[in-house]
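I have placed the structure first, in the form of C-alpha cells, so that the comments after it can refer back to it.
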Amino acid sequence: MCGIVGYIGKGNAKQAILKGLASLEYRGYDSAGIALMDGKNIFVEKKQGKLENLEKALECLDLNSSLGIGHTRWATHGAPSDKNSHPHLSMDKTFAVVHNGIIENYISLRKILEEKGYIFKSETDTEVVAHLLQENYIENDPKKTLLNVLNKLEGSYALGIVSSHFPEKLICARKNSPLVIGKGINENLIASDVPAILNYTRNVYYLDNDEIGILSKNNIEFYNKNGIEISKESHLIQWSLEQASKNGFDHFMLKEIYEQPNALKATYSRIVKDNKIDFDSIFTRKDIEKYNKIYIVACGTAYHAGLIGKVYFNNISKIEVLSEIASEFRYTNPFVDENTLVIFVSQSGETLDTLEALKEAKNKGATTLAITNVVGSTISREAHKVIYTMAGPEIAVASTKAYTTQVLILYLLSLYIGVNKKNIDIKQYEEFLKEFESIPTKIEEELKNSNIIKKISERLKDKYNGFFIGRGLDYQIALEGCLKMKEITYIHTEAFPSGELKHGSIALIEEGTPVIVLATQKNLIEKTISNIKELKARGAYVITLGNDNNFLKEVSDEFIEIKNTTNYLSVYTAIVPLQLLAYYTSVAKNIDVDKPRNLAKSVTVE
Ligand code: M6R
C-alpha cells in the first residue's frame with residue numbers, strides 16, 4: 001500500500017525521504033513522488049513506476065532543502081500515472097499533500113471546490129485535501145488551518161503536509177491509517193511505517209486517530225481534534241535496520257523462510273516458562289470462565305493461521321471456535337456479546353478490514369485480543385489484550401514467518417484456555433508442549449534439503465493452473481500453500497478438501513494438471529491414496545507431501561518427504577516446503593518475489 005515519509009531538520013530532506021521511501025518499497029506501489037521546500041516555494045517531482053524513475057528525475061536537482069514529504073502510491077482512485085501520483089499541490093501551490101487512505105466524500109468536496117473555481121489536475125481523492133487547505137488557510141495558524149480541513153473529511157487518512165505559509169513546519173494527521181513520528185536530534189520525521197525512519201532514530205510516537213502533529217526541527221507538538229495540546233508517550237523500537245535487510249539472501253522471502261526456526265523459538269520461549277504457558281498477565285481466571293464463545297478473525301494468510309487455530313481449539317481443547325474473514329465479519333451478523341472473546345490475527349496490525357471488524361466486536365461488547373507482529377500497531381493498541389509474535393520484521397509481501405508464529409500462538413492459547421477450563425489434563429498439556437519443542441530443528445533439517453523442491457519448481461513454472469488438496473488439517477494447510485503459490489507465481493491454483501474435488505472441479509483436471517496433495521494426517525492416508533488414484537486416472541501430475549510412506553511414493557509423480565511429527569504440528573513441517581515450492585517457482589519465472597504485482601504488504605484500505 002501507499003507509503004509516506006516526511007523530514008524536517010539539519011540534514012538533507014531529499015536524501016532522507018528517498019532513503020525512507022526505498023525502505024517502504026516492500027509495501028507495494030506503482031508510482032512515487034516528493035515535495036521539497038526551498039524556503040519560499042515548493043518543488044514537486046513525481047513519476048509513475050519504480051522509485052528509481054523518481055531518483056533519476058531528481059539526479060540533477062540542485063536544491064538544498066531541509067523540509068519535505070515523499071510518497072509511494074498504490075493506486076485506488078485514478079490509474080497509476082505521473083499526474084495521479086502524490087504529492088498533490090493546492091491550486092496556488094502553497095500546500096503540498098501526501099495521503100494514505102481514502103477520502104470517501106471526495107466527490108461532493110470536489111464539486112464544491114470546482115464551483116468555487118478550483119481546477120483539479122488529477123483523478124485522485126487526495127487532491128481535494130490540497131485545495132481545501134488553500135481554501136481554509138488561516139494566517140500563521142497551521143493547526144487551525146488543518147483542523148478546519150479535517151472536519152470536512154470522511155474516510156481514512158494519514159496525511160503529510162508542507163506549506164510555503166509555514167516554511168519551518170512539517171504537518172501531519174491521522175484517522176484509520178497508520179502514521180509514526182520519529183524524534184531525532186535536530187531533526188524529526190514522519191512515516192507510515194517504522195523502517196522508513198530507522199536510519200535516523202529509534203524513538204517514535206504513534207499518532208492516534210483524530211490527532212495531529214506539528215513538527216519543527218527541534219520540536220514536536222501534538223493536538224487532539226479540538227485543537228488542545230496533548231502529550232504522548234514515546235516508544236523505543238527494539239529491532240534494527242539490519243533485521244530489516246536481506247542479510248546475504250537473494251530475497252527477503254527466502255530469508256524470512258529461513259528465519260522460521262528462530263522466530264518460533266523466540267515466540268515459544270517468550271511465552272513458555274518452566275514447561276508452563278504464561279498468559280497469566282493477559283487473562284484472569286474469571287476471564288477464562290466468562291468466555292463461552294471464541295471467534296478468530298483475520299485476512300489472507302493470517303486467516304489461514306486462524307483456521308488452524310480453530311482446529312486446535314475445537315479438537316485439542318474442546319472449545320467451539322468460529323473463524324471469519326475480517327472483511328465479512330460485519331455482514332455475517334456475528335453472535336458476539338460480552339461473553340465472547342474475539343481474536344484478531346494480523347502480522348502488520350494495520351489491516352483495515354481487520355481493524356473495522358475489531359471495532360464491530362468492541363461495539364458489541366466482546367473482549368478483543370490481538371495477535372500481531374508489530375509493536376505499537378493500530379490493532380495492538382485498539383484491542384483490549386495483545387500477544388506479540390516474535391517473528392521480527394517481515395518485509396516480503398508473502399507472509400511466511402508471521403504465519404508460523406501466529407499458528408504457534410494459537411496452539412499455545414488453545415492449550416492455555418483448554419487446561420484452565422479443565423478440558424485438557426496436565427499430562428496431555430505437557431505432552432503437547434513437549435511435542436512442539438522439536439519443531440524448529442525439524443524445520444532446520446528440511447531447509448537443508450530443498451533440492452527436490454527446486455527441481456519440481458522447474459516443472460511447475462510453465463503451468464497455468466493447478467490444485468492443492470488435503471483432508472482434515474491438511475486442507476487448512478493446502479489453503480495457505482495455495483495462496484503462497486498464487487500470489488508470487490501468478491499460477492492460478494485452487495485449494496480443495498480432497499473429497500470435494502470430485503463434486504465438480506475435477507472436470508478441470510487434464511493431462512499434466514499439477515495437483516499438490518497434502519498427506520500429513522496419518523489417520524487419513526488411505527483415503528488420500530484413493531484421491532490420488534482418481535486424479536492420476538485423469539492425467540494429473542501429482543506432487544505429494546507426506547512422511548516416509550511407500551504407498552504414497554508409488555502413486556505420486558513427485559514426493560516431497562517431510563519430517564515426522566504429530567498430526568496437529570505437521571502444519572510446520574508441511575508449510576515450509578510449500579513456501580519453498582512457491583518461492584523457487586517464482587524465481588524460476590523471474591518474478592519480483594518480494595513485491596509481486598498488484599499486492600501490498602499491509603492493506604490499509606477496505
Ligand atoms: O498484516 P496482516 O496479517 O493483517 O495481513 C493480512 C493479509 O493481507 C496477508 O496475510 C496477505 O494475505 C499476505 N500477503 C499473504 O502472504
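In this text the structure is predicted, and so the values were computed from the model without any measurement. All ligand and atom numbering here is 1-based and tracks the order in the structure.
Under a 4.0 Å criterion applied to the non-hydrogen atoms of Ala398, ligand 1 contributes the atoms 16 (O). In the vicinity of Ser346, heavy-atom distances shorter than 4.0 Å reach the ligand 1 atoms 1 (O), 2 (P), 3 (O), 4 (O). Heavy-atom proximity to Gly300, at under 4.0 Å, picks out these atoms of ligand 1: 12 (O). Less than 4.0 angstrom separates some heavy atom of Lys484 from each of these atoms of ligand 1: 15 (C), 16 (O). For ligand 1, the atoms closer than 4.0 angstrom to any heavy atom of Ala302 are 3 (O), 10 (O). Counting atoms of ligand 1 from 1 in the listed order, those under 4.0 Å from a heavy atom of Val397 are 13 (C), 14 (N), 16 (O).
Between the side chain of Arg174 and the backbone N or O of Ala158 there is no donor-acceptor pair closer than 3.5 Å.
Atom 16 (O) of ligand 1 has Glu487 OE2, 2.4 Å as its closest protein atom, hydrogens excluded (heavy atom only). When only non-hydrogen protein atoms are considered, atom 11 (C) of ligand 1 lies nearest to Thr301 N, 4.1 Å. The shortest contact between atom 8 (O) of ligand 1 and any protein heavy atom is with Val603 CG2, 4.1 Å. Scanning all protein heavy atoms for the shortest distance to atom 3 (O) of ligand 1 gives Gln347 N, 2.6 Å. Atom 1 (O) of ligand 1 has its closest protein heavy atom at Ser348 OG, 2.6 Å. Nearest protein heavy-atom contact of atom 6 (C) of ligand 1 is Cys299 O, 3.4 Å. Here the protein heavy atom with the shortest distance to atom 2 (P) of ligand 1 is Thr351 OG1, 3.2 Å.
A salt bridge does not link Asp592 with Arg597: none of the charged nitrogens is closer than 4.0 Å to a carboxylate oxygen. Using a cutoff of 4.0 Å between basic side-chain nitrogens and carboxylate oxygens, Glu382 and Lys362 are scored as salt-bridged. A salt bridge links Lys563 with Glu445: the closest approach of a Lys/Arg side-chain nitrogen to an acidic carboxylate oxygen falls below 4.0 angstrom.
Within a 6.0 Å sphere centred on NZ of Lys455, other residues, nucleotides and ligands contribute 12 heavy atoms or fewer. Around the CD atom of Glu320, the shell of radius 6.0 Å holds no more than 12 heavy atoms that belong to other residues, nucleotides or ligands.
Taking the six-membered ring wherever Trp is involved, the centroid distance between the rings of Tyr411 and Tyr568 does not fall below 6.0 Å.
Gly101 and Ser177 make their closest contact through N-OG, 4.2 Å (heavy atoms, listed as atom of the first residue, atom of the second, distance).
Here the straight-line distance linking atom OG of Ser586 with atom CD1 of Ile591 works out to 4.5 Å at 0.5 Å rounding.
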